[in-house]
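Here's the structure we're looking at; comments come further down.
Since this is a predicted model, take the numbers as computed values, not measurements.
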Amino acid sequence: MKIKYELLKNEKNTQARYGILKTNHGEFETPMFMPVGTLANVKTLTREELKAMNSAVILSNTYHLWLRPGSEIVKKAGGLHKFMNYDGPILTDSGGFQVFSLVKNKKDITEEGVHFKNHLNGDKLFLTPELSIKVQNDLDSDIAMSFDECPPASADYEYLKTSVDRTLRWAKRGKKAHKNEQQSLFGIVQGGPLEDLRKYSAIETVKLDFDGYGIGGVANDGESKDDMYKAIEYSTPYLPIDKPRYLMGVGDPIDIIEGVIRGVDMFDCVLPTRLARHGNAFTRHGKINLKNAKYKEDFEPIENCDCYTCKNYTKAYIRHLLVCNESLGGRLLSIHNIRFLIKLTEDLREAIKNDNLLEFKEDFLSKYGQN
RNA sequence: GCGUGAUUGGUGAAGUGGUUAACACGGCGGAUUGUGGUUCCGUUAUGCAAGGGUUCGAUCCCCUUAUCGCGCC
């Protein structure tokens with residue numbers, strides 16, 4: 001079956017929503033945060049660890065799995081869930097963003113699709129909306145994403161308009177090619193930070209009738225926070241209330257709060273795991289760098305937190321692991337950082353239920369700082 | 001004892017009679033938003049063993065001393 005979103009409550013003072021997302025692999029509350037497992041694996045973590053931190057949906061990637069091991073192999077394995085031994089819901093990204101982020105220079109965007117080079121070995125590749133959907137059908141994820149174009153933050157109006165129209169045509173083609181009745185398909189709203197383009201993109205995408213809607217093209221390099229928040233608030237008013245809204249790629253704690261306030265239900269981001277591998281931890285008092293010399297003799301946990309890492313390890317030990325390049329350091333921080341964001345969404349859901357989201361935000365910011 | 005070669009940051013080291021002494025590692029700090037698992041950026045020797053001399057100017061040339069290496073009695 002397709003996923004079902006049930007809206008249970010609107011927060012009184014904001015656009016925030018509390019709801020339930022029903023999938024073939026369980027029911028989960030929203031707003032939610034989805035850890036990223038690009039290569040059919042949330043880097044360094046096992047499924048037991050993900051469950052222990054109350055993680056629900058994870059994100060995986062069409063482009064990467066298409067290249068390695070190849071979607072036919074995942075299909076042979078019985079689909080992505082069986083292949084990676086994960087029985088929770090999986091969302092697959094379409095590859096649109098990867099064409100943008102991994103293949104910065106040599107790409108040729110045509111009406112038919114995108115010509116670009118394999119980021120691993122330089123082979124010529126051609127990805128189309130139909131092929132992206134075919135790969136995602138083979139992967140058999142719970143939620144597939146439309147193949148979109150993700151233009152740079154610096155793109156001008158003319159380019160953005162052209163791009164939005166092309167993404168709409170690609171969305172239509174992808175929907176037509178979509179065969180998997182067990183799999184839901186999301187459309188993606190684009191349009192940069194511009195009100196009329198976001199509105200247009202949202203309205204036209206909704207006309208195609210998807211199972212949920214991504215808000216894309218956000219948090220691209222150079223984009224200001226203000227532009228990001230505008231992109232969200234220019235999009236969500238035109239999205240149906242009975243379908244989930246997914247802000248693609250967003251992950252900074254403050255951005256998650258701002259997204260929720262503007263009516264977003266789902267987030268994903270590499271930040272918690274990437275920051276972890278580079279030695280950084282989210283805390284309620286801001287982000288810290290565990291490699292800093294000041295933690296050399298700090299025998300306290302990162303903070304008062306219910307995660308496995310904080311219950312068992314000190315900052316001094318984690319620092320030692322990081323400094324020595326021991327992979328357990330990044331693993332322990334990944335556990336803490338993902339749990340931090342998931343806990344944040346749990347707190348946000350409570351705040352929505354209690355109609356005190358703005359107070360929650362103010363309190364959070366006063367401790368967390370403004371970055 | 002005589003002869004000879006060396007001595008440059010925390011480490012391995014480049015280098016030149018003329019403004020700010022390469023580069024690498026390490027250290028310290030920062031970045032990171034639909035993944036970069038090993039990434040990117042910044043910073044880190046007011047000084048070239050010590051003292052004296054030549055010179056407009058010496059880390060570089062000369063002398064003495066110290067330390068280390070090599071060869072010979």
Side-chain angles (χ1 to χ4, degrees), chain A residues 33-45 57-65 67 90-104 119-120 132 136 141 143-151 153 167 186-190 212-225 227-229 231-232 245-259 264 266-282 286-296 319 322-334 337-338 341 371:
Chain A
F33 175 78
M34 310 183 284
V36 176
T38 293
L39 291 159
N41 158 42
V42 178
K43 292 186 194 303
T44 78
L45 302 181
V57 182
I58 61 171
L59 186 139
S60 197
N61 207 287
T62 300
Y63 169 74
H64 296 256
L65 297 178
L67 298 184
I90 299 173
L91 179 152
T92 42
D93 193 15
S94 67
F97 180 76
Q98 284 62 47
V99 169
F100 165 74
S101 72
L102 258 35
V103 200
K104 279 215 159 62
H119 75 292
L120 300 169
S132 171
Q136 297 186 76
S141 52
I143 300 171
M145 298 302 299
S146 289
F147 186 69
D148 64 333
E149 186 194 349
C150 203
T167 289
F186 280 25
I188 300 176
V189 177
Q190 289 285 351
Y213 297 90
I215 298 169
V218 130
N220 287 347
D221 49 20
E223 186 195 49
S224 69
K225 294 258 185 199
D227 280 350
M228 183 199 302
Y229 302 152
I232 304 166
R245 296 95 173 257
Y246 159 33
L247 182 61
M248 305 183 75
V250 167
D252 181 272
I254 295 172
D255 296 342
I256 288 178
I257 295 172
E258 297 292 352
V264 173
M266 303 161 72
F267 301 85
D268 83 284
C269 195
V270 304
L271 217 46
T273 41
R274 180 183 293 165
L275 286 178
R277 276 178 272 117
H278 298 166
N280 297 277
F282 291 128
K287 201 182 71 183
I288 64 172
N289 185 349
L290 268 294
K291 284 174 146 177
N292 286 174
K294 63 181 170 188
Y295 300 115
K296 235 175 227 175
R319 175 177 194 277
L322 292 167
V323 166
C324 298
N325 245 312
E326 282 289 331
S327 60
L328 181 60
R331 235 167 78 67
L332 293 175
L333 287 182
S334 291
N337 283 346
I338 292 177
L341 294 184
N371 269 11

- Note on the structure: A/Asp268 meets the side-chain hydrogen bond (donor to acceptor under 3.5 Å, both in side chains) criterion, sequence neighbours left out, with A/Tyr246

- Integer-rounded Å distance: B/G29 P and A/Leu322 CG: 13 Å

- Message: Checking one value: the base orientation of B/G9, syn if chi is within 90 degrees of 0, otherwise anti.
- Response: syn

- Item | Euclidean distance for C1', B/U20 against B/G47 (whole angstrom) | 12 Å

- Query: Can you list the residues that meet the side-chain hydrogen bond (donor to acceptor under 3.5 Å, both in side chains) rule with A/His64, with sequence neighbours excluded?
  - Reply: none

- Message: If the condition is side-chain hydrogen bond (donor to acceptor under 3.5 Å, both in side chains), which residues does A/Arg331 pass it with, not counting sequence neighbours?
- Response: A/Glu49

- Which of B/G34, B/G29, B/U32 is nearest the side chain of A/Leu275? It is B/U32

- Query: Below 4.0 angstrom from OP1 or OP2 of B/G30, is there any side-chain N or O of A/Asn292?
  - Reply: yes

- side-chain hydrogen bond (donor to acceptor under 3.5 Å, both in side chains) with A/Gln136: which residues, sequence neighbours excluded? A/Thr92, A/Ser132

- Side chain of A/Gln190: nearest nucleotide among B/U32, B/U33, B/G34? B/G34

- Message: What's the gap between B/A22 and B/U16 when it is taken at their P atoms, as a whole Å value?
- Response: 14 Å

- Considering only the C1' atoms, how many Å lie between B/G37 and B/C48, rounded to the nearest integer? 42 Å

- Task: Quick one: pull up CG in A/Asn337 and OG1 in A/Thr273 and give me the separation to the nearest 0.5 Å.
- Result: 8.5 Å

- Task: Select one nucleotide: of B/G34, B/G29, B/G27, the one nearest the side-chain heavy atoms of A/Val323.
- Result: B/G27

- Task: Would you mind reading off the distance between A/Asn220 atom CG and B/U32 atom C1', rounded to a whole angstrom?
- Result: 14 Å

- Query: So, is A/Asn280 close to the B/U32 phosphate, meaning a side-chain N or O under 4.0 Å from OP1 or OP2?
  - Reply: no

- Item | Donor-acceptor pair present, A/Asp255 side chain and B/U33 base, under 3.5 Å | yes

- Item | Side-chain N,O (A/Lys225) to OP1/OP2 (B/U33) below 4.0 Å | no

- Is a donor-acceptor pair below 3.5 Å formed from side chain A/Asp148 to base B/G34, judging by atom type as modelled? yes

- Item | Atom C1', compared across B/A24 and B/C63: separation rounded to whole Å | 36 Å

- Message: Using atom P in both nucleotides, what's the gap between B/G26 and B/U67 to the nearest angstrom?
- Response: 35 Å

- Query: What stem regions, each of at least 3 consecutive Watson-Crick or G-U pairs below 3.5 Å, can be found for RNA chain B?
  - Reply: B:1-7 with B:66-72, B:10-12 with B:23-25, B:26-31 with B:39-44, B:49-53 with B:61-65

- Message: What's the separation between atom CG in A/Asp255 and atom SG in A/Cys269, rounded to the nearest 0.5 Å?
- Response: 8.5 Å

- Message: With the 90 degree cut-off around zero defining syn, does B/G36 come out syn or anti?
- Response: syn

- Item | Distance between P atoms of B/G42 and B/A50 (Å, rounded) | 32 Å

- Message: What is the separation between atom CZ on A/Phe97 and atom C1' on B/G34, rounded to the nearest whole Å?
- Response: 6 Å

- Message: Of the listed nucleotides (B/C28, B/G34, B/A31), which one gets closest to any side-chain atom of A/Ser94?
- Response: B/G34

- Report the distance from atom NZ of A/Lys287 to atom C1' of B/G30, rounded to the nearest whole Å. 8 Å

- Query: Whole Å only: how far is the CD1 atom of A/Ile188 from the C1' atom of B/G34?
  - Reply: 8 Å

- Any chance you could list the contact pattern along nucleotides 37-44 of chain B? Use B for base contacts, S for sugar-phosphate-only contacts and - for none, protein heavy atoms under 4.0 Å, 5' to 3'. B-B-----

- Item | Separation between the P atoms of B/G9 and B/G51, rounded to whole Å | 15 Å

- May I ask you to decide if A/Ser146's main-chain N or O and A/Ser94's side chain share a donor-acceptor pair within less than 3.5 Å? yes

- Query: Is the backbone of A/Thr38 close enough, under 3.5 Å, to the side chain of A/Ser60 for a donor and an acceptor to pair up by distance?
  - Reply: yes

- Option from A/Ile338, A/Leu59, A/Leu45 for which side chain to side chain contact (heavy atoms under 4.5 Å, CB included) with A/Pro35 holds: A/Ile338

- Query: Base, sugar-phosphate alone, or nothing: which one does A/Gly96 contact when heavy atoms must sit under 4.0 Å apart?
  - Reply: nothing

- Look at the side chain of A/Asn220 and the backbone N and O of A/Pro151, then say whether any donor-acceptor pair between them is shorter than 3.5 Å. yes

- Note on the structure: Minimal heavy-atom distance between A/Ala219 and A/Val250, with the atoms involved, is CB-CG2, 4.3 Å

- Item | Integer angstrom distance from the C1' of B/U59 to that of B/A49 | 12 Å

